[in-house]
Amino acid sequence: MNIVTWNVNSLTARWDRVSNFLSTRDVDILLIQETKQNDAKFPTAGFAELGYETYHVGQGQWNGVAIASRVSLERVSGSLGLPDEEARYVAARCGGITVISVYVPNGRSLDNPHYAYKLDWLEHLARDAATRVADDVVIAGDFNVAPTDLDVYDPADFVDATHASDAERRAVSALADLGYVDAQRQVDATSPAFTWWDYRQGAYRRNRGLRIDLLWCSPSLAPRIDAVWVDREEREEEKPSDHAPVALRLN
DNA sequence: ATGTCAAATGGTATTTGA
């Protein structure tokens, strides 16, 4: 079973890339973030032609998350239950696994109200994760948090910045405290494995990246983790997303 | 602030968000 998470940075702008990706890789379930579409614009038929059932929680101009599965799909939830909730959470049962696609708020800066919202959002995610921990679950997506300094190209650049603050890291490690496993780190505890590079300043060429796209497996799935890899070939194509797809293979 | 990109707007450049 191959499960891939990918922040596509607009599915409208990236449809050709996504379509090509699904045609050339071996993807059972694709967890998508930042579709930047409303539900009416989501290419349900295009996914169906490729053999995928879909569940999209769209908003329009910003955010938007989706799940595409070729191993069955039953809708579970499109909300964490926050007030005035943005389109950042979608859960479905696919091939015997509950998969959850998340787009964690960016936070903008440590003194910005969006930062407090980010921490609150992560707390709600942990509560949701707690209710599902006994099941076979993969929670994956753009966490907008680099879990440790190993996941940051230059930690000195992230002092007093979002994505690497102690509070954000604690909020994400709540998943580990529940027993969820960061799949990449179970497979390889010492390589950076960046998943995102800024479009600006030649960041990709200079490998100035962050590991912020994470796949968390519930305890029952941890022994089935066979491989995790960052699809850097896709990041090197024409008109890429600023995020690379990250793939998880379960036995 | 950024050697960038994408969406929206009454637009043919600017603003916002990342």
Side-chain angles (χ1 to χ4, degrees), chain A residues 5-21 30-43 46 56-66 82 84-90 101-122 125 140-147 151-165 167-169 171-172 194-214 230-246:
Chain A
T5 182
W6 190 9
N7 179 326
V8 298
N9 185 18
S10 171
L11 189 54
T12 310
R14 216 69 60 208
W15 170 247
D16 288 349
R17 291 244 54 87
V18 172
S19 172
N20 176 76
F21 182 81
L30 180 62
L31 307 181
I32 306 169
Q33 300 88 40
E34 281 208 270
T35 62
K36 296 185 178 179
Q37 292 173 327
N38 57 33
D39 291 336
K41 203 167 178 189
F42 184 79
H56 179 229
V57 175
Q59 182 178 322
Q61 179 179 4
W62 307 119
N63 311 313
V65 286
L82 288 102
D84 300 320
E85 188 164 347
E86 298 176 329
R88 299 178 176 275
Y89 173 99
V90 61
S101 176
V102 300
Y103 177 44
V104 177
N106 175 287
R108 300 187 187 177
S109 61
L110 299 189
D111 57 357
N112 192 294
H114 288 85
Y115 179 75
Y117 177 66
K118 180 180 195 174
L119 296 179
D120 186 45
W121 198 95
L122 283 167
L125 180 66
D142 178 0
F143 276 75
N144 271 316
V145 177
D151 304 309
V152 180
Y153 64 87
D154 183 357
D157 277 8
F158 283 83
V159 175
D160 295 327
T162 59
H163 293 62
S165 72
E168 288 164 89
R169 286 175 169 171
V172 171
F194 299 146
T195 65
W196 171 86
W197 300 261
D198 200 307
Y199 284 122
R200 295 170 288 189
Q201 298 176 291
Y204 184 79
R205 177 177 50 77
R206 298 156 69 201
N207 198 28
R208 290 168 67 87
L210 301 176
R211 189 176 75 92
I212 54 176
D213 297 273
L214 312 176
V230 180
D231 198 321
R232 292 183 67 140
E233 285 182 23
E234 171 56 39
R235 183 62 177 77
E236 290 165 13
E237 293 282 357
E238 289 295 313
K239 301 290 281 181
S241 169
D242 46 354
H243 296 254
V246 187

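Chain letters run A, B, ... following the sequence lines, proteins first, then strands; residues in each count from 1.
Going from atom OH of A/Tyr204 over to atom P of B/dG3 covers 21 Å, rounded to whole Å. Taking atom NE2 of A/His114 as the reference point, atom P of B/dT16 lies 13 Å away to the nearest angstrom. Rounded to whole Å, atom C1' of B/dG17 lies 12 Å from atom CD of A/Gln59. The separation between A/Trp197 atom CH2 and B/dG3 atom C1' is 19 Å, rounded to whole Å. If you measure from atom CH2 of A/Trp196 to atom P of B/dC5, you get 14 Å, rounded to the nearest angstrom. Between the P atom of B/dA18 and the NE2 atom of A/His163 lies a distance of 9 Å, rounded to the nearest Å. We find that CZ of A/Arg208 is positioned 12 Å from P of B/dG3, with the value rounded to whole Å. Atoms OH (A/Tyr117) and C1' (B/dG17) sit 15 Å apart, rounded to a whole Å.
Between A/Tyr153 and A/Phe158, the two ring planes are perpendicular [angle over 60°; tilted spans 30° to 60°].
Between A/Arg208 and A/Asp157 a salt bridge is recorded (basic side-chain N to carboxylate O distance below 4.0 Å).
Other residues, nucleotides and ligands place more than 12 heavy atoms under 6.0 Å from the CD atom of A/Glu237.
Nearer the 5' end of DNA chain B, as judged by each residue's closest nucleotide, is the contact made by A/Asn9, out of A/Glu34 and A/Asn9. In terms of position on DNA chain B, the residue among A/Lys239 and A/Asn106 whose nearest nucleotide sits closer to the 5' end is A/Lys239.
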Between A/Ile212 and A/Asp142, is a side chain to side chain contact (heavy atoms under 4.5 Å, CB included) present by the stated rule, with each step listed? CA-CA 6 Å; A/Ile212 54 176; A/Asp142 178 0; 3.8 Å; yes

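Counting only heavy atoms from C-beta on, A/Tyr199 has its side chain closest to B/dC5 among B/dA18, B/dG3, B/dC5. Relative to the side chain of A/Ala13, the nucleotides B/dA18, B/dT2, B/dA6 differ in distance, and B/dA6 lies closest. Comparing B/dG3, B/dG17, B/dA6 against the side chain of A/Arg14 picks out B/dA6 as the nearest. Taking every side-chain heavy atom of A/Thr12 into account, B/dA7 is the closest of B/dA7, B/dA18, B/dT4.
If you take atom P in B/dA13 and the same atom in B/dA1, they sit 26 Å apart, rounded to whole Å. Nucleotides B/dG11 and B/dA7 have their C1' atoms positioned 12 Å apart, rounded to a whole Å. Straight-line distance between the P atoms of B/dG10 and B/dT15: roughly 14 Å, to the nearest whole Å.
Under the 4.5 Å side-chain criterion, counting only non-hydrogen atoms from C-beta, A/Trp197 is in contact with A/Arg232.
An OP1 or OP2 oxygen of B/dC5 is reached within less than 4.0 angstrom by no side-chain nitrogen or oxygen of A/Arg200.
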